[in-house]
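These notes concern the structure reproduced below.
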Amino acid sequence: MAAIPQNHTNEQHAKTLAPTPMLGVNQAPGIDYNHPLFLSPSDVSGIQIILFQLIGIENYSIWFRSMRVALLGRNKLGLVDGSCAKEKFPEIMWNHWERVNAIVLSWIMNSVASGLLGRIMYASSAQAVWNDLFERFNKVDGARSFNLHKEIATLCQETASVSVYFSKLKDLWEEFEALVPSPGCDYEKSRDFVVHLQKLKLFHFLMGLNDSYSQARSQVLLMSPMPTVNQAYKMIISYEVKKQ
């Protein structure tokens, strides 16, 4: 009987000792980190994935956008928008889907004030809770929209730095757009309107600057094509630095 080469024996021994590739913690077979049902070590129940809680209509639009971004970043938005419904996966994965759904459900509940939990406390579907909150609180308040528009139109730099003034303006724009979303860019007329809205933002920013920036403001308005509001902000900041 021929002797087994020593190097062959060592290779077989190394293969025996090599660790078996492992899935993530409690992952179902066939799930990798790109899969919507993948759970990372940080994806656990009981955590709060945004820094504030939903308290009612007054902050729903900001809560909705913040939660949507947080869920999208964790690749779990499909659990609430219906694109990752349980029935879309093989039956062998349903138990794992239930676990992921329970975790997402806990994230939503932890981001809602305790006084609002009564109606959703015993829900079993993250999507059902998400839709229920949408139906209850997604109401565009005309008075709030008016006040936001007024704040944007009348906001001035005054004693604030340009960066602080611009940050405040951007916060107001974002809240207003959450209440009154601008149209998409799928059609030519819509694109023209979006460009018009961007130009209005530029005008609002320039109008609120102190008179000491009148020269820089004139230079921005003389540019062709007209810069975006972010580009104009960088130009004004550069002018501010040179003044110091």
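Heavy atoms only: backbone and side chains are in, while hydrogens, waters and symmetry mates are out. It should be emphasised that the depicted structure is a prediction, and the values quoted were computed from it without experimental measurement. Positions are given from 1, in the same order as the sequence printed here.
- His204 and His149 have perpendicular rings, their planes meeting at more than 60° on a 0 to 90° scale where under 30° would count as parallel.
- Contact of the Asn75 side chain with the Leu37 side chain is not registered, since no non-hydrogen atoms from C-beta on lie closer than 4.5 Å.
- Of all heavy-atom pairs spanning Ser124 and Asn101, the tightest one is O-ND2, 2.8 Å.
- Distance check: Tyr239 OH to Met235 CE gives 11.5 Å after rounding to the nearest 0.5 Å.
- A salt bridge (charged side-chain N to carboxylate O under 4.0 Å, His left out) check over residues 111-138, counting only residues at least two apart or in different chains, returns the pairs Arg119-Asp132, Asp132-Arg136.
- With sequence neighbours left out, Trp173 forms a ring pair (Phe, Tyr, Trp, His ring centres under 6.0 Å) with no residue at all.
- The salt bridge (charged side-chain N to carboxylate O under 4.0 Å, His left out) pairs that include a residue from residues 148-167 are Arg144-Glu151, where partners are two or more places apart or lie in different chains.
- Here the CG-CD1 distance, from Leu71 to Ile108, works out to 6.5 Å after rounding to the nearest 0.5 Å.
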Would you check, one step at a time, whether the test side-chain contact (heavy atoms from CB on, under 4.5 Å) holds for Phe137 with Leu54?
-> CA-CA 10 Å; Phe137 302 117; Leu54 173 66; 3.9 Å; yes
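- Residue Leu148 holds its CG atom at 8.5 Å from OG of Ser61, rounded to the nearest 0.5 Å.
- Residue pairs that meet the salt bridge (charged side-chain N to carboxylate O under 4.0 Å, His left out) test with at least one member in residues 219-230, sequence neighbours left out, do not exist here.
- Ring pair Phe89/His35 is tilted by interplanar angle, where 30° to 60° counts as tilted.
- No continuous path of ILVMFWY side-chain contacts below 4.5 Å connects Ile47 to Val69, so the two sit in separate hydrophobic clusters.
- In this structure, Asn34 places its CG atom where more than 12 heavy-atom neighbours from other residues, nucleotides or ligands lie under 6.0 Å away.
- Applying the ring pair (Phe, Tyr, Trp, His ring centres under 6.0 Å) test to Tyr233 and every residue at least two apart in sequence or in another chain returns Phe166.
- The pair Glu98-Lys86 meets the salt-bridge criterion, since a charged nitrogen lies less than 4.0 angstrom from a carboxylate oxygen.
- Contacts of Lys170 classified as salt bridge (charged side-chain N to carboxylate O under 4.0 Å, His left out), with partners at least two apart in sequence or in another chain: none.
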Mind running side-chain contact (heavy atoms from CB on, under 4.5 Å) on Asn110 and Gln53 for me, showing each step along the way?
-> CA-CA 8 Å; Asn110 284 331; Gln53 291 186 320; 5.8 Å; no
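- The number of heavy-atom neighbours closer than 6.0 Å to NZ of Lys168, taken from other residues, nucleotides and ligands shown, is 12 or below.
- Contact detail for Leu105 and Ala123: the closest heavy-atom pair is CD2-O, 3.3 Å.
- Counting only heavy atoms from C-beta outward, the side chains of Trp63 and Leu133 approach each other to under 4.5 Å.
- Residues satisfying the side-chain contact (heavy atoms from CB on, under 4.5 Å) criterion with Ser45, sequence neighbours excluded, are Ile103, Ser106.
- From Ser66, atom OG reaches atom CD1 of Ile50 across 5.0 Å, with rounding to the nearest 0.5 Å.
- Side-chain contact between Val162 and Tyr213: present, with at least one pair of heavy atoms (C-beta onward) separated by less than 4.5 Å.
- Judged by distance alone, the side chain of Gln127 and the main-chain N or O of Leu79 form no donor-acceptor pair under 3.5 Å.
- Take Lys88 and apply the side-chain contact (heavy atoms from CB on, under 4.5 Å) test, not counting sequence neighbours, and it matches Ala85.
- In this structure, the side chains of Leu221 and Arg217 come closer than 4.5 Å at one or more pairs of heavy atoms.
- Residue Phe52 places its CZ atom among more than 12 non-hydrogen atoms of other residues, nucleotides or ligands, all under 6.0 Å distant.
- In this structure, Met223 is a member of the same hydrophobic cluster as Ile236, with clusters built from ILVMFWY side-chain heavy atoms closer than 4.5 Å.
- Between the side chain of Trp97 and the backbone N or O of Cys84 there is at least one donor-acceptor pair closer than 3.5 Å.
- By the 4.5 Å heavy-atom criterion applied to side chains, Ile31 and Leu39 are not counted as neighbours.
- Both Tyr122 and Leu116 sit in one connected hydrophobic cluster of ILVMFWY residues. Membership requires side-chain heavy atoms under 4.5 Å apart, directly or through other members.
- For the atom pair OG of Ser83 and CG of Leu77, the computed distance is 6.5 Å after rounding to the nearest 0.5 Å.
- Checked by atom type and distance alone, the side chain of Asn59 pairs as donor or acceptor with a backbone atom of Ile55 at under 3.5 Å.
- In this structure, Ser238 contributes its side chain and Lys234 its backbone to no donor-acceptor pair below 3.5 Å.
- Within the 4.5 Å cutoff, side-chain heavy atoms of Val220 are placed close to those of Pro227.
- With rounding to the nearest 0.5 Å, the separation of OH in Tyr60 from CE in Met67 is 10.0 Å.
- No continuous path of ILVMFWY side-chain contacts below 4.5 Å connects Met207 to Leu209, so the two sit in separate hydrophobic clusters.
- Scanning for side-chain contact (heavy atoms from CB on, under 4.5 Å) contacts around Gln219 gives Gln215, with sequence neighbours left out.
- Tracing side-chain contacts under 4.5 Å through hydrophobic residues (I, L, V, M, F, W, Y), one reaches Ile120 starting from Phe134; they form part of the same cluster.
- Residues Phe38 and His96 keep their aromatic ring centres 6.0 Å or farther apart.
- Among residues at least two apart or in separate chains, salt bridge (charged side-chain N to carboxylate O under 4.0 Å, His left out) pairs with a member in residues 67-81 are Asp43-Arg74.
- Shown here are the ring pair (Phe, Tyr, Trp, His ring centres under 6.0 Å) partners of Trp107, two or more places apart in sequence or in another chain: there are none.
- Side chains of Thr228 and Leu202 form no contact here, defined as non-hydrogen atoms less than 4.5 Å apart.
- Here Tyr165 pairs with Phe205 under the ring pair (Phe, Tyr, Trp, His ring centres under 6.0 Å) rule; sequence neighbours left out.
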